[in-house]
Amino acid sequence: MKVASLLILMTFMAVLSLAQDLVVTETSGWFESAYVTWQALEDVNHFNVYYRGQDQVEHQIDDQLIRDYGDFYRADVLGLKAGEYTLSIASVIAGQEVNVVDANTVMVRPHDRSGFAFWSDAYPEVNEQDVNDFWDALSPGAYKYDGTPKDGAVILYITQNTKDVIEMDVDGANENPCVGLLEILEGFKKGKDTRPLIVRLVGQITDPLSLNKGDIVIENHNNLSSYITFEGVGNDATADGWGLRLKNATNVEVRNLGFMNCDSDEGDDLGLQQDNEHIWIHHCDFFYGNSGSDADQDKGDGALDCKKSTYVTISYNHFWDTGKTNLLGLGEDTTEGLYITYHHNWYDHSDSRHPRVRFYSAHVYNNYYDGVAKYGVGATMGSSVFVEANYFRKCRYPMLTSMQGSDVYDESTGTHDYSDMPTFSKEDGGSIKAFNNIMIGQPRFVSYGAAGYPNSTVQFDAYVATTRDEWVDGTVMSNRGSNIYNNFDTQLDLMIDADVNNPGDVPERVMLYAGRVNGGDFVWTFNQTTDDTAYEVNEPLKEALASYQTGLVAVQGDAEGPSEDPNDPNDNGGAIIGDVVHNFTESGKTSEFFAITGNLSDSKGTVYYDGLTLTQCLKIESSTLITFTTVEEAELTLVFNDDENDSIMIDGIKIDIAHGTATMTLASGSHEITKSNPANLYLISLIAVP
């Protein structure tokens, strides 16, 4: 044992100088999060990352937030309140931290919690002493109003490797443990489990084996005490090929995700399908879905649609050339109690429906309409839409009211003769009140009573107010349906107190902050000369989305389960006590103690070891990762093909394989096995050192 300990010490000292060369390449704060990147080190592949705020208390982040991108590593710290933070990285060798490097101090911003998702009739009566609890309860999702996780929150990490095997016990589920992402969320369907749930997606997640009509579905039986956040980690979290659907859901937040190549039966990247309230969708990227069967579904069905839901905020999202972007309303048949806010969204060469509104009272402000080929806001069926302080650049029709004005205007004759084939709808008209918008490069916009336009009190696109709080009287009505504006914006404190930016500042702010962290990892530049007026599929863009591949190589701590209380002294969490043997021939990748990611094979030969006949192995490849924890010193033995004489990485140390075996004495703590050279692993043995 003394010789083995000496070898470990010598190896530790040999790589000490290498670990000290850790170079931080980028550090930045974002909205209630921060991140740091650093150069990869040749023989180190395990790191610990810490953060400390102004109180100088140090916190360690979860392993799954630390990712390997080949030539660099990245760690994202989530759930931070606004303020200054310092992030630190430590190289881990043989279970011990070798060196800790501080990154630059960063400033973390608060999220913009504006809009109807945060509305409550009780707001004016809240006592000052209860205001924090009030806002925490009102804030949709599993984070408090200050950005930190709500008390008792459960954090679940979903990766490409864990999406189908992750397990969690859910109160009220038909059977426990629930296995796989969909089944875990199905467990919340009855609304009996009221623990705040944070689902964090890491990297590019393709279709899970279990989907509901091609979607992951979030429900919680409209339980007001249930809070769910569904979020991406970093700048490359992507739902690739599947959709997300909310129904019968309350207090749900979706943020920092990219949606692409969706081919679900429902058709939408993200759909608020029915009976949802207090929903917040923000900082997401919406790309093409797969082509649908209808002629107008070449870019997919819908990007982010909302039906039969209320108290919703859709903010700071980036829509990339989407076709039917934001449908709002379908069959509600009432104008009562339906409220939604769209703000600071980037409609980047998208075509139409920004939003296209039935029935709702909608506040649409500070959005950037950037080269929109068809129309911006469309109002039908008794809707009242307050369009405020937006920036329209080359938007063909910034605002349309159904069956009147520009919707039915015939450019060739200069008359309103297109009633049989309007631009966007044959339904009764809604009502639009517009104020303080900037419009540049549109072919046509007609305000109510505008000079130079015949009959402009009937054939108008929107009523343009002279002051923000102007009351629109009942003489202003839609040409078809005689609908009038309900003046909701002048009666609700939330609207009156809204923090609205100057429209001239909108393009810069929206382009800087909309979408995933720092704009996400997908880069595309539209050609304004051709793309401003085109609404056909951009074939090169579609090909780039179809062939998209994340640069992510590995997730540290992959295949671990939910984190409920990591400081519980009575929970070993699967840590190894005593002797353990894992036989890949008998057990495959299933283990109570080892988290195993990688590919099995039964065609790499037969190995005879300690009276066992071993015929199945785990292939040691770049994606292979084995993690485990010991609570006492143990002798590790790895068994390979008899003629194997290469090496394997154990806790960042390159260990030689001699005649088919590699051995190392491990201290208590967390450990991992990764690739040094390609090999085939048949058995793992851990024997406690007396």
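Numbers here are sequence positions counted from 1.
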Does [X] reach the main-chain N or O of [Y] with its side chain, forming a donor-acceptor pair under 3.5 Å?
{"X": "Ser309", "Y": "Cys306", "result": "no"}
{"X": "Asp505", "Y": "Pro503", "result": "no"}
{"X": "Asp407", "Y": "Pro422", "result": "no"}
{"X": "Ser547", "Y": "Glu543", "result": "yes"}

Which atoms form the tightest heavy-atom contact between [X] and [Y], and what is the distance?
{"X": "Leu304", "Y": "Asn326", "result": "O-ND2, 3.0 Å"}
{"X": "Leu328", "Y": "Pro355", "result": "CB-CB, 4.3 Å"}
{"X": "Leu156", "Y": "Ile166", "result": "CD1-CG1, 3.7 Å"}

[X] side chain near [Y] side chain, heavy-atom distance below 4.5 Å:
{"X": "Pro149", "Y": "Ile198", "result": "yes"}
{"X": "Leu185", "Y": "Leu182", "result": "no"}
{"X": "Asn317", "Y": "Asp285", "result": "no"}
{"X": "Leu257", "Y": "Phe230", "result": "yes"}
{"X": "Arg200", "Y": "Ile155", "result": "yes"}
{"X": "Arg255", "Y": "Ile281", "result": "no"}
{"X": "Tyr513", "Y": "Trp30", "result": "yes"}
{"X": "Ile314", "Y": "His343", "result": "no"}

Would you please classify the geometry between the [Y] ring and the [X] ring as parallel, tilted or perpendicular, with 30° and 60° separating the classes?
{"X": "Phe392", "Y": "Tyr369", "answer": "parallel"}
{"X": "Tyr73", "Y": "Trp38", "answer": "parallel"}
{"X": "Tyr69", "Y": "Phe72", "answer": "parallel"}

Does a donor on one side chain and an acceptor on the other come within less than 3.5 Å for [X] and [Y]?
{"X": "Tyr347", "Y": "Asn367", "answer": "no"}
{"X": "Asp240", "Y": "Thr238", "answer": "no"}
{"X": "Gln160", "Y": "Thr206", "answer": "yes"}
{"X": "Asp321", "Y": "Ser350", "answer": "no"}
{"X": "Glu253", "Y": "Thr229", "answer": "yes"}
{"X": "Asp558", "Y": "Asn161", "answer": "yes"}
{"X": "Asn518", "Y": "Tyr35", "answer": "yes"}
{"X": "Asn437", "Y": "Asn390", "answer": "yes"}
{"X": "Thr380", "Y": "Ser425", "answer": "no"}

For [X], I'd like to know if atom [atom1] has over 12 heavy atoms of other residues, nucleotides or ligands within 6.0 Å.
{"X": "Lys542", "atom1": "NZ", "answer": "yes"}
{"X": "Glu508", "atom1": "CD", "answer": "no"}
{"X": "Tyr145", "atom1": "OH", "answer": "yes"}
{"X": "Lys589", "atom1": "NZ", "answer": "yes"}

Distance, nearest 0.5 Å, that separates [atom1] of [X] from [atom2] of [Y]:
{"X": "Leu600", "Y": "Lys619", "atom1": "CG", "atom2": "NZ", "answer": "9.0 Å"}
{"X": "Phe31", "Y": "Arg109", "atom1": "CZ", "atom2": "CZ", "answer": "5.5 Å"}
{"X": "Ile66", "Y": "Asp68", "atom1": "CD1", "atom2": "CG", "answer": "11.5 Å"}
{"X": "Thr530", "Y": "His349", "atom1": "OG1", "atom2": "NE2", "answer": "8.0 Å"}
{"X": "Glu266", "Y": "Gln273", "atom1": "CD", "atom2": "CD", "answer": "5.0 Å"}
{"X": "Phe287", "Y": "Leu545", "atom1": "CZ", "atom2": "CG", "answer": "6.0 Å"}

Sidechain N-carboxylate O distance under 4.0 Å for [X], [Y]:
{"X": "Lys308", "Y": "Asp275", "result": "no"}
{"X": "Arg245", "Y": "Asp215", "result": "yes"}
{"X": "Arg393", "Y": "Asp532", "result": "yes"}
{"X": "Glu427", "Y": "Arg356", "result": "yes"}
{"X": "Arg113", "Y": "Glu32", "result": "yes"}
{"X": "Arg353", "Y": "Asp305", "result": "no"}
{"X": "Asp207", "Y": "Lys163", "result": "no"}

Could you give me the CA-CA distance, side-chain angles and deciding distance for Lys394 and Asp370, then say whether salt bridge (Lys or Arg N to Asp or Glu O under 4.0 Å) is met?
CA-CA 7 Å; Lys394 290 288 185 73; Asp370 184 9; over 6 Å; no
Aromatic contact, Trp346 with Tyr316 (centres under 6.0 Å):
no
Looking at Tyr375, I'd like to know if the NZ or CZ of Arg396 sits under 6.0 Å from its six-membered ring centre while staying within 45 degrees of the ring's axis.
no
Stacked cation flag Lys150 on Tyr227, 6.0 angstrom / 45 deg:
yes
Among Asp351, Asp269, Asp301, which residue satisfies the salt bridge (Lys or Arg N to Asp or Glu O under 4.0 Å) criterion with Lys324?
Asp301
From Phe286, Phe522, Tyr288, residue fulfilling side-chain contact (heavy atoms from CB on, under 4.5 Å) relative to Trp320
Phe522
Single hit among His344, Glu231, His111 for side-chain contact (heavy atoms from CB on, under 4.5 Å) with His283
His111
Might you work through the ring-ring contact (aromatic ring centres under 6.0 Å, His included) test for Phe259 and Trp242, ending with a clear yes or no?
CA-CA 8 Å; Phe259 295 87; Trp242 50 278; 7.0 Å; no
So which of Asn45, Asp63, Asp62 actually passes side chain to side chain donor-acceptor pair (under 3.5 Å) with Gln556?
Asp63
